[in-house]
Enquirer: 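If you scroll down you'll find the structure; I have some questions about it.
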Amino acid sequence: MAVCLKIDYASVQGLVDDMKTYETQVEELYSDMTTIVQSLVTNGYMEADSANAYVSEFTEMLGPDIENLSELLTTFHTQLSEICENFKDADAQIAKMLFK
């Protein structure tokens, strides 16, 4: 059984675009969640050191993970884009060699 490489560039680019959208959505969702948690204190729903500690703990616990997730999504969609472009370029170079 022969194994061949097939890449649907348009479909892969669609996946890249989806990953970029998800990255933006993750960042926006975290921003919205942080605003809501901070509003507990800023709106006076909670007061005292424990309220401030709750807000700090939320951002300190979740912030780095969200940042890591965002960076991973960037890495993945960048890699997919580069792989797609590399294969597209290689395919074009092979085609040029065949039709000289």
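What you see is a predicted model; the values in this text were computed from it and never measured.
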Enquirer: As an exercise, state the distance from CD1 of I66 to CE of M33, rounded to the nearest 0.5 Å.
Expert: 6.5 Å

Enquirer: Checking Q13 against D17 for the side chain to side chain donor-acceptor pair (under 3.5 Å) test, could you report, in this order, the C-alpha distance in whole Å, the side-chain angles of both residues, the deciding distance, and whether it holds?
Expert: CA-CA 6 Å; Q13 187 57 50; D17 293 342; 3.1 Å; yes

Enquirer: To the nearest 0.5 Å, what is the distance between CZ on F76 and OG1 on T78?
Expert: 11.0 Å

Enquirer: Salt bridge (charged side-chain N to carboxylate O under 4.0 Å, His left out): which pairs involve residues 32-54, sequence neighbours left out?
Expert: none

Enquirer: I83 and V16: same hydrophobic cluster, using ILVMFWY side-chain contacts below 4.5 Å?
Expert: yes

Enquirer: Report the residues that fulfil salt bridge (charged side-chain N to carboxylate O under 4.0 Å, His left out) with E85, sequence neighbours left out, ordered by chain and then residue number.
Expert: K88

Enquirer: What verdict does the side-chain contact (heavy atoms from CB on, under 4.5 Å) test give for I94 and M97, after you've listed the backbone C-alpha separation in whole Å, the side-chain angles of each residue and the deciding distance to 0.1 Å?
Expert: CA-CA 5 Å; I94 291 169; M97 291 187 316; 4.3 Å; yes

Enquirer: Can you list, pair by pair, the side-chain donor-acceptor contacts under 3.5 Å of residues 50-61, counting residues two or more places apart and other chains?
Expert:
from: S56; atom 1: OG; to: N52; atom 2: O; distance (Å): 3.2
from: T59; atom 1: OG1; to: V55; atom 2: O; distance (Å): 3.3
from: T59; atom 1: OG1; to: S56; atom 2: O; distance (Å): 3.1

Enquirer: Consider side-chain contact (heavy atoms from CB on, under 4.5 Å). Of E71, H77, E28, which one does E23 pass it with?
Expert: H77

Enquirer: Measuring from atom OH of Y30 to atom CG of D65, what distance do you get when rounded to the nearest 0.5 angstrom?
Expert: 9.5 Å

Enquirer: So how far is it from L98 CG to K96 NZ, rounded to the nearest 0.5 Å?
Expert: 12.5 Å

Enquirer: Taking Y9 as the starting point, is it possible to reach L80 by hopping between hydrophobic residues whose side chains are less than 4.5 Å apart?
Expert: yes

Enquirer: Count I, L, V, M, F, W, Y as connected when their side-chain heavy atoms are under 4.5 Å apart, and connections chain through other members. Are L29 and L62 then in the same cluster?
Expert: yes

Enquirer: Could you give the distance from CD (Q25) to CG (D18), rounded to the nearest 0.5 Å?
Expert: 9.5 Å

Enquirer: Measure from the side-chain N and O atoms of S31 to the backbone N and O of E27, and report whether any donor-acceptor pair falls under 3.5 Å.
Expert: no

Enquirer: How many angstroms lie between atom CG of N43 and atom CD of Q38, to the nearest 0.5 angstrom?
Expert: 11.0 Å

Enquirer: Flag the pair F87 / V12 as yes when at least one side-chain heavy-atom distance between them is below 4.5 Å, and no otherwise.
Expert: no

